[in-house]
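Contents: one structure, followed by commentary.
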Amino acid sequence: MRSLNKSSRLRFVTLHTKTAFLFAVGLASIIFSSLFLTRYFFLYSLNELENIEIHRASSQAYAVIDSLSVRQEEASHDWAYWTETYDLLTQSDTGFEERNLYMESLDSLGLDFMSFINSQHEYVAGLGRDIEDPNAFTQTLLKDKGVAQHLNKMKRVLDSGKSGTYGLIREGDDIWVVSVTPVRNGTSEAEFAGWMLWGQHLTDRFPSDFVGILTAQNSIITDLDETKHLDEHIHEEGIDEHDDIDVFHTDSELYHYTSLTNIYGEEIAVLKSREPRTYYQKGESVFYYLIIAIGVVTTLVSIVIFILFRNNVGKRFSYFEQDIKALISSDEVNLEGHRDEFERITTLVQFLANNSSKTEGKLKDTLQKFEALYHSQTLGMVLVVDQMIVDVNQTLLDLLGYQRSDLVGQHVETLCAHSSDSICSAEQLFINLSQGLRQFEAGLNNGYGETVHCVIEATQFEQDDKMAVMLSIKDISEQKQQAVLIDSLTHRDSATGLLNRPTVINLIKGFFQGSDQEQNYSIVYFNASRLKEIDEVYGHLVHDSVLKHLADNLLIRFGDEFTGRISENEFLVWCVEKDYRQLERMANRLLESYSSKISVSGFEFDIGLKAVFVRSSSSFANFEDFSYVGLYALTEIKSTGKRGLVTVDESLIKRSQESLALNRDIMKALKSGEIVAHYQPIVHASTGQVVGFEALARWRHPTLGMVSPGLFVPLAEQRRLIVELGEVILEQACEFISDIQQKSDSSSQNRMSIHVNLSTPHFHHKSLVETLVNLIEKYQLLPGQLVLELTESILLGAEDEIVERMEAIKSLGVQLALDDFGTGYSSFSSLCNFPLDIIKLDKSYIDNLDVNDKAKTLVRNIIHMSQELGMTTVAEGVETASQLRKLNVWNVDEIQGYYFFKPMDKHQALEKFAK
C-alpha cells in the first residue's frame with residue numbers, strides 16, 4: 001500500500017517540474033565545481049610563491065655564510081704579507097705575541113682564533129677566544145681533510161706559486177670559518193715562510209649577528225643523523241613533501257634545507273630556513289568564507305530559478321494541451337495513466353494522426369505550432385500570416401512590454417521602430433527570405449515608445465495555403481552597449497592606459513600628410529631602454545609597476561589625448577606647433593626626474609629614459625621613417641653620451657636615411673657586386689719590391705657613393721651577413737692574385753701573396769675549409785700564396801679547438817697572420833701557443849715611433865722576438881721616411897702603408913703591377 005501511494009505521488013511530478021529541478025541542480029553543480037577549481041589553482045599559486053620566497057631567504061642566508069669566508073680570506077692577506085708576521089716565522093720574533101696577540105686584535109678583526117705555523121707545519125704562536133690550548137686547536141684544524149690535502153699539495157708547488165685556501169670546518173658540534181694563508185714579507189722578495197690560520201666560530205655568530213639582514217628564521221643543524229632520516233621526520237610531523245625535495249610544508253610553516261660542505265667537499269651541516277605560511281593560511285580562510293557565502297546565494301538563486309522555470313514552462317504546456325483538446329470533439333481519447341504533459345500531448349497528437357483528412361490538416365498546423373512553441377522557451381516568438389501578427393508568446397510580451405491584445409491582429413510593421421527601417425519592413429523581410437537571409441538585426445518598438453535592439457531569426461512555412469513566418473526575437477541591447485565599450489577600449493593600451501600603437505600611428509600619419517597649418521605638430525619620442533632588462537631580472541609584476549610609474553607621469557604631464565605607447569619601451573607625446581616650447585620644457589623636466597634612479601616596489605631602477613624632439617618643420621614620408629630617425633638618434637645619444645632632450649635636425653635625418661638605405665641595400669650589394677675588393681700593396685722592407693697585397697672591402701653605393709668599411713662592416717655583423725661578405729672578398733682576392741700572377745713576367749721568380757681579413761664567425765664557419773679547398777683548386781694558388789689575417793678576438797676561446805682549426809687551414813698551404821698585434825687581449829704567449837706565420841704590427845704603434853720611446857722599444861722587441869720564432873713581421877700604416885728608416889734598422893720584413901702605395905681597385909692594380 002505504501003509503495004502504491006509513492007507511485008501515485010510520482011505521477012504528479014510533472015515534466016516541467018523535473019526539468020526545472022535538473023536545471024537548478026545543474027546550475028548549482030557548475031558554480032560549486034568552478035569555485036573549487038578556482039580555489040585549487042589559487043592556493044597552488046600561493047604555494048609556488050611561498051616556495052620562491054623560502055628559496056630566496058635560504059639563498060640569502062647561504063650567501064651571508066659564504067661572504068664571511070670570502071671577506072675573512074681577503075682580510076688575511078694584510079697580516080700574511082706583514083713584515084712582522086714574516087719575522088715571527090723566520091727569526092722567531094719573541095715580542096710579536098706581546099705586541100699583537102691579544103683579544104682586542106681578535107675583536108678588531110672579527111675573529112675567534114688565529115695561529116701561525118712554519119713551513120714544516122710546526123706551531124709557532126696563536127691566540128683563541130675561549131680556547132685553552134691554541135696549539136692543540138691548531139693541530140686539530142691541520143688534521144682536517146681539506147686543510148691537510150691543500151697543505152700537502154702546496155709542498156709540491158714552488159714558493160711563488162703557493163696559495164691559500166678557505167672554507168668551513170667542523171670541530172665536534174661546532175662549525176668554523178677557516179682561512180689558511182701563505183706568509184711572505186711585505187715586498188714579496190723573500191721566500192715563503194709558513195702559514196697563518198684564521199677562524200671565526202660560525203656556530204656562535206650565525207644567525208644571531210645577522211638577524212637584521214636575514215628575512216627568514218635560519219639555523220645550522222650539525223646533527224647529520226637528523227638530516228639522513230629526514231623522510232622519517234617528515235612523516236612524523238605530517239609535512240607535505242613536494243617536487244622540490246629541499247622545501248617542506250606544514251599547515252603553518254615552510255622549511256628549506258641547504259647542505260653546508262667543508263673545504264674537502266664533505267657535508268658537515270645543514271642550513272635550515274623557516275618561514276610562516278601567512279598568505280596561504282589567509283587565502284584558505286578567505287575561500288572557506290567565500291564557499292559558504294556562494295553556497296547560500298546559489299541555493300537562493302536555484303530556488304528562484306526553479307520556481308520561475310517551473311511556472312513559465314508549465315503554463316506553456318498547459319496552454320498547448322488545451323489548444324489540442326479543443327480540436328478534438330470525441331471523448332474516445334483516454335488520458336489516464338499519463339504522468340506528465342508531454343505524454344498527454346503526445347497521445348492527443350497520435351489520436352489526431354489517425355483521423356480523417358480534415359483532421360490531418362489540422363494536425364499539421366498544430367504540429368508546426370507545437371514545434372515553434374517548443375523551441376521558444378527563451379526567445380520572443382511572433383507568428384506572422386499574410387504580414388499580419390497572428391500569435392505571440394509571453395516572452396515577447398515581457399521583452400517589449402506589450403499586452404497580447406496590443407499586437408495580435410496588427411500589421412507586422414507595428415513592431416518596427418521606424419517606418420523607414422527597410423530591414424524590419426514586411427516587404428524587405430520576404431525579399432530576404434527569398435534570398436536565403438534568415439537572420440538579421442533590427443530596432444523594435446517596445447510598449448514605452450523606446451527602441452530595443454534585437455536579433456531576429458525568421459522561419460518560413462505554409463499555413464492554410466498562405467505564406468506564414470515564425471519570428472524568433474532576442475534582445476541584444478546589452479551586447480550593443482558592450483560593443484561600444486570594446487570599440488573605445490581598442491584605442492587604449494591595456495597595460496598603461498595610453499593610446500595604443502594603431503591609434504598613434506593613424507594620428508601621426510595625419511600630422512605628416514596634413515598640409516593645413518592646423519596639422520603642424522611637434523613630437524617627442526621617448527625610449528626607456530632598460531624596461532626589458534627589468535622584466536627579465538625582476539619579473540612581470542615589478543616590470544608592470546615600473547611601466548605604470550612611467551605611464552602615470554606621462555599622463556599627468558601631457559594628458560591622455562596626446563600620449564601614446566608604440567612598443568614595449570617606446571612612447572610618443574605631441575602638441576600643436578605653437579605650444580612646442582612648453583612641450584620641450586616638460587619633456588626635459590620628465591627626463592630630469594628619471595635621470596636618477598626611481599624607487600618602485602621596494603627596488604631602485606634606472607629605466608634608461610632618453611628622448612628625441614622632432615619639430616613639424618622636419619619632413620617625413622611615413623611613420624616608419626620617423627620611427628627609424630628616433631631609433632637612430634638614440635644610438636647617437638648612447639655613442640656620444642649626451643644628456644637631456646636631443647632635437648632632430650636635417651643633418652641627423654639625412655644620416656638616418658643613409659643608415660636606413662645601407663641597412664636595406666647591403667644584401668643586394670653583396671649579390672649585385674657593389675661591394676668589391678681594393679688592394680694595398682705590401683713591399684719588401686729592404687728592397688722596396690712588391691711581394692703581396694691586402695684585400696680591403698669597399699662599397700660603392702649607387703646614390704651615397706663610397707661607403708666607409710667602418711659603417712657597413714658592423715652593419716653586416718648585425719645583419720648576420722659577415723660570412724657572406726668575407727666569402728665575396730675572399731673569392732675576389734683569389735681571382736685577383738691568380739690574374740696578376742699569370743700576367744706577370746713568366747721568368748719572374750717573385751711569387752706574390754694576397755692577404756684577406758677573416759672575421760670570427762667566418763673562421764668558425766663549418767664550410768670555411770671546404771671553401772678554401774675549392775678556391776685554391778679553382779684559381780691554382782700555390783702554397784703560401786693565400787694569407788688569412790686573424791683578429792685577436794678569434795684567439796679567445798677553447799684553445800685546443802682553435803689550434804685544431806688553424807692546423808686544418810695551414811694543411812691546405814694557407815698562411816696565417818695575426819692582425820693588429822698588441823691592440824686586443826692577446827699576449828706574447830699567443831705567439832707560442834698558436835701556429836702563426838706572420839705578425840702584423842698595428843698602425844697605432846707605428847704612428848708613435850717618432851714621439852714615444854716606449855713604442856720604439858716595444859716594436860723593436862716584437863720584431864726581434866718574431867724573427868727568433870721564425871715569423872715574418874709586417875708593419876702597417878707606414879707613412880714617413882723616418883718610420884721606414886727605424887723599421888729597416890730593426891730588420892722588419894715587410895712594409896704596408898701610404899708611404900709606398902694607397903689601396904687601389906683591381907683594374908689599377910693589374911695595370912700597375914702585372915708586368
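For the single chain, residues carry numbers from 1 onward in sequence order.
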* To do: State, yes or no, whether a side-chain contact exists between K906 and V676 at a heavy-atom distance under 4.5 Å.
  =>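 Side-chain contact under 4.5 Å: no.
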* Tell me, do E727 and H762 make a side-chain contact under 4.5 Å, heavy atoms counted? -> yes
* Does a donor on one side chain sit under 3.5 Å from an acceptor on the other, for S58 and T258? -> yes
* **Audit row: T873, D893, side-chain hydrogen bond (donor to acceptor under 3.5 Å, both in side chains) steps and yes/no** => CA-CA 5 Å; T873 54; D893 297 305; 3.2 Å; yes
Between [X] and [Y], is there a side-chain N and carboxylate O pair less than 4.0 Å apart?
X	Y	answer
D159	R184	no
D739	K743	no
K532	D535	no

Compare every heavy atom of [Y] with every heavy atom of [X], then report the nearest pair and how far apart it is.
X	Y	value
S529	N527	N-OD1, 3.3 Å
E879	Y898	CG-CB, 4.2 Å
H684	T687	CB-OG1, 3.2 Å

* Asked: Hey, is the main chain of M904 close enough, under 3.5 Å, to the side chain of Q680 for a donor-acceptor pair?
  -> no
* salt bridge (charged side-chain N to carboxylate O under 4.0 Å, His left out), paired with D850, selected from K856, K886, R885 ->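 Looking at K856, K886, R885, the match for D850 under the salt bridge (charged side-chain N to carboxylate O under 4.0 Å, His left out) is K886.
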* To do: Test side chain to side chain contact (heavy atoms under 4.5 Å, CB included) on F900 and L884 and set out the steps.
  => CA-CA 10 Å; F900 287 100; L884 178 61; 3.8 Å; yes
* To do: List the steps, then state whether side-chain hydrogen bond (donor to acceptor under 3.5 Å, both in side chains) holds for E731 with Y779.
  => CA-CA 9 Å; E731 175 144 12; Y779 296 106; 3.2 Å; yes
* Asked: Are the ring centres of F605 and Y538 closer than 6.0 Å?
  ->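 Yes.
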* To do: Check step by step if salt bridge (Lys or Arg N to Asp or Glu O under 4.0 Å) holds for D837 and K810.
  => CA-CA 10 Å; D837 303 294; K810 286 174 63 69; 2.7 Å; yes
* Could you walk me through whether Y62 and L260 pass the side chain to side chain contact (heavy atoms under 4.5 Å, CB included) check? -> CA-CA 9 Å; Y62 187 87; L260 298 178; 3.6 Å; yes
